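Below is one structure, written out as structure tokens; the observations come after it.
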Amino acid sequence: MSVTILGIESSCDDTSAAVIRDEVMLSNVIASQAVHEAYGGVVPELASRAHQQNIIPVVSEALKRAGVKPEELNAVAFTRGPGLMGSLLVGTSFAKGFTTALNIPLVDVNHLQAHVMAHFIKRSPDDNTRPPFPFLCLLVSGGNSQIIKVEAYNKMSVIGQTIDDAAGEAFDKCAKVMGLSYPGGPVVDRLAKEGNPKAFTLNKPHIPGLDYSFSGLKTSFLYLLRDRVKEDPDFIEKNKNDLCASLQATIVDILMDKLYKAVKQTGIKHVAVAGGVSANSAVRGAFEEYARRYGWTVYLPLLSFTTDNAAMVAITGYYKYLDKEFCSIEKAPFARVEL
């Protein structure tokens, strides 16, 4: 008998709903919020208000595109955390009300786990491009930089993580000081393609083990701009492409150096990447290069699955539904959590 899951994602500034039937994605609708661009970052109050406006139309459209009626759903999976509390409350409240009205199970999903599980979304019944267990996953986004050992959908352990800032935050903050638009990561990626990655040398952290640090890189980049702008007020504009290329190359080197060490330590050569930064062309290129050089088998998500989306929530909810891991209606969302 088929299992049909509605997924709801509202952890930050994207309202998303998706329908999955037996691992196959039937729809994945995302409503992004342009209101934050003027502020150079996500404004939590504006995000939660936009979620309230978007949640019903997005869910309705997801069901319509999937050709699924509400009464055909077996369960609703929702992002319980981590994320912005106001945003999470909108998705959580809707999911609770919807499941109560339909008298079907409620399934809570960890947002970080869902990013990893994006690799298990099928686009067709014969799509079997998923990584085998165990595998390593580099989870990189605006809020997270982690190396995760994945032994099962519900057995994941963080073996390395940032001790301060995340890689995505480094992209966005450095882009902001250059006067680039928000979100800065995609802009840096675009401009870097026209620049020289060796034009400027930036500090790399010396953190023991498999942990990351990006705060020193941000400081190094800021001081570089400060000192050079004193000499030439037009320095940033004249060197924008080279600055972006050097910044991007440094971030990718930091990420891949620790990931390479993780592969050597664990002996696991099936390696995936997930999260918003996995859309970066240099990150994807580095994965392909390491696969050629070191014999890794790498798994790159579709670009549509790199950012926050409900399909990854739905697929995680699907596996939890099969194990009857349901969520009671009394449970509240959480802003911070680890795997």
Side-chain angles (χ1 to χ4, degrees), residues 2-37 42 46-80 83-84 86-99 101-102 104 106-111 113-115 117-125 127 141 183 186 274-276 278-279 301-321 333:
S2 294
V3 174
T4 307
I5 306 292
L6 170 68
I8 295 175
E9 156 63 24
S10 69
S11 64
C12 191
D13 61 334
D14 287 331
T15 313
S16 182
V19 178
I20 279 184
R21 176 172 287 158
D22 297 338
E23 302 178 290
V24 179
M25 185 184 74
L26 303 183
S27 67
N28 188 32
V29 179
I30 303 173
S32 299
Q33 302 175 4
V35 65
H36 306 286
E37 293 176 8
V42 177
L46 296 179
S48 57
R49 288 173 184 245
H51 282 303
Q52 287 180 314
Q53 294 175 334
N54 293 335
I55 187 72
I56 293 177
V58 165
V59 170
S60 177
E61 182 63 20
L63 291 170
K64 180 181 176 182
R65 291 186 189 180
V68 171
K69 297 177 181 178
E71 54 268 25
E72 295 178 79
L73 297 171
N74 293 96
V76 174
F78 71 102
T79 299
R80 191 174 160 215
L84 300 176
S87 296
L88 290 167
L89 280 167
V90 177
T92 301
S93 300
F94 182 90
K96 288 180 177 180
F98 205 54
T99 53
L102 294 171
I104 58 176
L106 181 68
V107 181
D108 60 325
V109 170
N110 182 309
H111 182 77
Q113 179 188 16
H115 268 301
M117 293 304 296
H119 286 280
F120 291 78
I121 302 167
K122 288 188 175 185
R123 288 168 288 167
S124 63
D127 180 3
S141 64
S278 66
L302 290 177
L303 292 179
S304 58
F305 295 153
T306 57
T307 55
D308 294 345
N309 67 91
M312 67 184 194
V313 177
I315 191 65
T316 309
Y318 169 80
Y319 289 115
K320 294 189 74 172
Y321 176 86

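Only this structure's heavy atoms are used, side chains among them; waters, hydrogens and symmetry mates stay out. Every value quoted in this text rests on a predicted model; they were computed, and no experiment measured them.
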Check: Just wondering, do M312 and H119 contact through their side chains at under 4.5 Å, heavy atoms?
Finding: no
Checklist line | Test log, rule side-chain contact (heavy atoms from CB on, under 4.5 Å), inputs D308 and H111 | finding: CA-CA 9 Å; D308 294 345; H111 182 77; 3.1 Å; yes
Notebook entry, point to check: Which atom pair, heavy atoms only, marks the closest approach of I315 to E23?
Noted result: CD1-CA, 3.7 Å
Next item on the list: Over all heavy atoms of both residues, which pair between V109 and G317 is shortest? Give the atoms and the distance, please.
Entry: CG2-N, 4.0 Å
Next item on the list: Could you pull out the closest heavy-atom pair between P333 and L89, with the gap in Å?
Entry: CG-CD2, 3.7 Å
Check: About how many Å separate OG1 of T15 and CD1 of I55, when rounded to the nearest 0.5 Å?
Finding: 6.0 Å
Notebook entry, point to check: With a 4.5 Å heavy-atom cut-off, do V107 and F78 have their side chains touching?
Noted result: no
Margin query: If I compare all heavy atoms of H115 with all of T306, which pair ends up nearest, and what's the gap?
Written below: CE1-O, 3.6 Å
Notebook entry, point to check: How are the rings of F98 and F94 set to each other: parallel, tilted or perpendicular (split at 30° and 60°)?
Noted result: parallel
Check: Going through the distances and angles, do K122 and D22 end up as a salt bridge (Lys or Arg N to Asp or Glu O under 4.0 Å)?
Finding: CA-CA 9 Å; K122 288 188 175 185; D22 297 338; over 6 Å; no
Check: Taking the side chain as C-beta and beyond, is there a heavy-atom pair between L84 and S48 under 4.5 Å?
Finding: no
Note to self: If you compare all heavy atoms of S11 against all heavy atoms of T79, which two are closest, and at what distance to 0.1 Å?
What the structure shows: CB-CG2, 4.0 Å
Note to self: Are there over 12 heavy-atom neighbours, none belonging to L302, within less than 6.0 Å of that residue's CG?
What the structure shows: yes
Margin query: Show the nearest heavy-atom pair for residues L26 and A66, with the distance to one decimal.
Written below: CB-CB, 3.6 Å
Note to self: Are N54 and V90 packed together at the side-chain level, in the sense that at least one heavy-atom pair is separated by less than 4.5 angstrom?
What the structure shows: no
